[in-house]
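First comes the structure, then the notes that go with it.
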Amino acid sequence: MPTYRTPDVYVEEIQTFPPSVAEVGTSIPAFIGWTEKATKATANDLLLKPTKVYSLKEYEGLFGYPAAPDIPVTVTEAGGVISAATVAPPTTWYLLYYAVKMFFDNGGAQCYVVSVGTYSPTPATSTFTLTGDASTSPVTGYGLQDGLDALSLEDEPTLVVIPEAVNMSSGDYTTLVQAVLAQCNRLRDRFAIFDIHGGGTSLDSAGLTANRGYFGNNFLKYGAAYYPFVKTAFNHYVSESEGNVKVALNGGSAAGLDTFKSTNTNVYNQVKQALKDHYITMPPSAAVAGIYAATDSARGVWKAPANMSLADVIEPVVKLDNLKQDDFNVDATTGKSINAVRAFAGKGTLVWGARTLAGNDNEWRYVNVRRFFSVVEESIKKSTYWAVFEPNDANTWVKVRGMIENYLTDKWREGALAGATPKDAFFVKCGLGSTMNPQDILEGRLNVEIGMAVVRPAEFIVLKFSHKLQTS
């Protein structure tokens with residue numbers, strides 16, 4: 001109590017409510033890659049600066065549109081009749097624009113974008129580097145590792161997605177994905193969604209083994225990998241001027257599609273129609289990030305982000321069945337699981353797996369368990385800062401314990417924790433003789449122990465049938 005010396009009427013406000021835990025965001029991915037531009041006020045002022053966006057429209061204003069590579073089209077026409085309009089689809093090197101669109105279309109609400117450079121006119125595998133120097137190479141800018149390093153300074157992102165990593169050499173891909181896992185482990189507040197290198201082709205046993213090797217053996221609980229790539233509903237990008245569609249009529253020199261708009265409307269219309277029959281192939285990570293966000297919003301981070309259909313997806317580029325998925329889901333040799341994206345008749349294309357890369361780890365096997373722990377850890381950590389330098393006595397211990405118990409009780413009521421009562425679902429210990437000894441008190445340590453029975457997904461539904469003898 002304060003010491004009063006002057007006669008007067010004094011008012012004191014008594015704190016009766018305990019402190020509470022404010023839960024952090026759960027599904028805010030950070031996309032790292034190349035963009036058309038990275039400009040807010042001056043040219044390239046957003047290069048290597050994590051920027052939060054809330055819609056594709058906002059992304060377009062800051063980072064531009066997809067790359068517009070030349071699309072060759074050959075047309076055969078005789079007597080005003082077109083017998084053939086053949087499109088040679090270009091390689092889609094730059095994927096970030098489509099990735100962000102897929103994220104929002106699949107349920108995402110907000111994300112960070114880290115632009116590491118602008119489009120090169122002649123992209124190749126060597127363009128997608130780990131590091132770079134924008135001062136000497138302003139076209140290609142930095143590298144994906146540089147973007148990852150910049151992201152480490154941001155506190156809010158909870159997911160890391162790098163769709164263009166699949167364009168790198170296998171050696172650079174290995175370095176990058178292991179660096180992502182290391183960052184997730186160091187910061188403990190984010191989770192990585194990976195695409196399989198070479199995921200656009202059918203992988204045999206050797207290909208699977210090689211891909212599992214890329215991830216190394218450390219911090220596997222902080223990431224999940226998805227296979228195969230998917231055929232999207234996106235057509236190849238035609239620029240506003242339509243000049244990137246190069247039409248060769250009857251073996252002549254190629255000219256931009258825009259030149260036919262007024263001179264030969266028949267050719268123009270046929271080419272436009274032919275372009276609609278060709279679709280872009282994408283790695284699935286961005287769509288999966290949207291599924292994470294949609295699941296977190298509708299159910300909670302504790303619900304496994306699986307058995308959900310993907311928007312903007314026509315089909316996987318590689319068809320999988322149960323026999324093939326056996327080798328992806330469970331691997332006795334390395335213990336690293338790869339989640340499948342599968343097409344089911346009448347259901348569409350579904351995420352059909354919910355395991356982390358640590359697929360044989362009983363503690364961290366499932367994506368939702370790892371992410372739920374991360375959210376609880378980060379939320380409680382940030383909400384406990386008030387206790388720093390408070391007296392390390394029973395009053396503080398009771399407040400800390402009560403704050404955490406109230407939060408976890410709410411999680412239990414939501415269905416995140418398993419148990420008939422809160423006592424069965426979790427425990428919180430804090431006190432002298434329980435989590436601390438006199439030496440801890442002398443050294444200024446306040447130890448809190450928290451245990452949670454997080455719900456786990458029913459991955460294998462087993463229905464057992466048998467004959468029953470007639471009894472009447």
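Sequential numbering from 1 along the given sequence is applied to the chain's residues. Note that the coordinates shown come from a computational prediction; the quantities given were computed from them, not determined experimentally.
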- Message: Taking the side chain as everything from C-beta on, heavy atoms only, tell me whether F260 gets closer than 4.5 Å to V75.
- Response: no
- Task: For residues W364 and Y222, establish whether the separation of their ring centroids is below 6.0 Å.
- Result: no
- D296 and R371 ion-paired at < 4.0 Å: yes
- For residues I28 and C111, report the shortest heavy-atom separation together with the two atoms involved. CG2-CA, 4.3 Å
- Message: Under a 3.5 Å distance rule, please check whether H197 uses its side chain to pair with a backbone N or O of M168 as donor and acceptor.
- Response: yes
- Item | Heavy-atom side-chain proximity of K411 to V301 below 4.5 angstrom | no
- Task: Verify the neighbour count for atom NZ of K37: are there more than 12 heavy atoms of other residues, nucleotides or ligands below 6.0 Å?
- Result: yes
- Item | N167 side chain reached by L95 side chain, heavy atoms, under 4.5 Å | yes
- Item | Pair D258 + K261, salt bridge at N-O below 4.0 Å | no
- Message: Do Y65 and E240 pair up side chain to side chain, a donor and an acceptor below 3.5 Å, judged on atom types alone?
- Response: no
- Task: Using distance alone, with no hydrogens and no angle criterion, decide if N322 and R342 have a side-chain donor and acceptor under 3.5 Å apart.
- Result: yes
- Message: Can you confirm whether or not the ring centre of F194 sits under 6.0 Å from the ring centre of F215?
- Response: yes
- Query: Do R370 and D361 sit within salt-bridge range, that is, some charged N less than 4.0 Å from a carboxylate O?
  - Reply: no
- Message: Please determine whether the number of non-hydrogen atoms from other residues, nucleotides or ligands lying under 6.0 Å from atom NZ of K381 exceeds 12.
- Response: no
- Before giving the answer on side chain to side chain contact (heavy atoms under 4.5 Å, CB included), spell out for Y59 and L96 the whole-Å C-alpha distance, their side-chain angles and the decisive distance to 0.1 Å. CA-CA 10 Å; Y59 173 94; L96 197 61; 4.1 Å; yes
- Note on the structure: Taking every heavy atom of A293 against every heavy atom of F103, the minimum-distance pair comes out as CB-CE1, 4.2 Å
- Note on the structure: Correct closest heavy-atom pair for V160 and L151 would be CG2-CD2, 4.0 Å
- Task: Indicate the atoms forming the closest heavy-atom contact of A311 with D105, along with that distance.
- Result: CB-O, 3.7 Å
- Any side-chain heavy-atom pair of W93 and F128 under 4.5 Å: yes
- Message: Quick one, V21 and V376 - any side-chain contact, counting heavy atoms below 4.5 Å?
- Response: no
- Item | Side-chain heavy-atom pair V454, L417 within 4.5 angstrom cut-off | yes
- Task: Quick one: closest heavy-atom pair of N360 and A332, and the distance?
- Result: ND2-CA, 4.1 Å
- Would Y97 and E36 count as having a side-chain donor-acceptor pair, cut-off 3.5 Å? no
- Query: Does N235 reach the side chain of L275, with side-chain heavy atoms less than 4.5 Å apart?
  - Reply: no
- Smallest heavy-atom separation, N44 atom then T39 atom, equals N-OG1, 3.2 Å
- Query: When you check the side-chain N and O atoms of N269 and Q273, is any donor under 3.5 Å from an acceptor?
  - Reply: no
- Query: Can K52 and E156 be said to form a side chain to side chain contact (heavy atoms under 4.5 Å, CB included), step by step?
  - Reply: CA-CA 10 Å; K52 195 174 185 179; E156 193 175 16; 2.8 Å; yes
- Inspect the contact between R212 and D331 and indicate whether a charged nitrogen and a carboxylate oxygen are less than 4.0 angstrom apart. yes
- Task: With the side chain counted from C-beta on, respond yes when L62 and V113 share a heavy-atom pair under 4.5 Å apart, and no when they do not.
- Result: no
- Query: Counting heavy atoms not belonging to K319, are there more than 12 under 6.0 Å from its NZ?
  - Reply: no
- Task: Indicate yes or no: does K221 engage E363 in a salt bridge with an N to O separation below 4.0 Å.
- Result: no
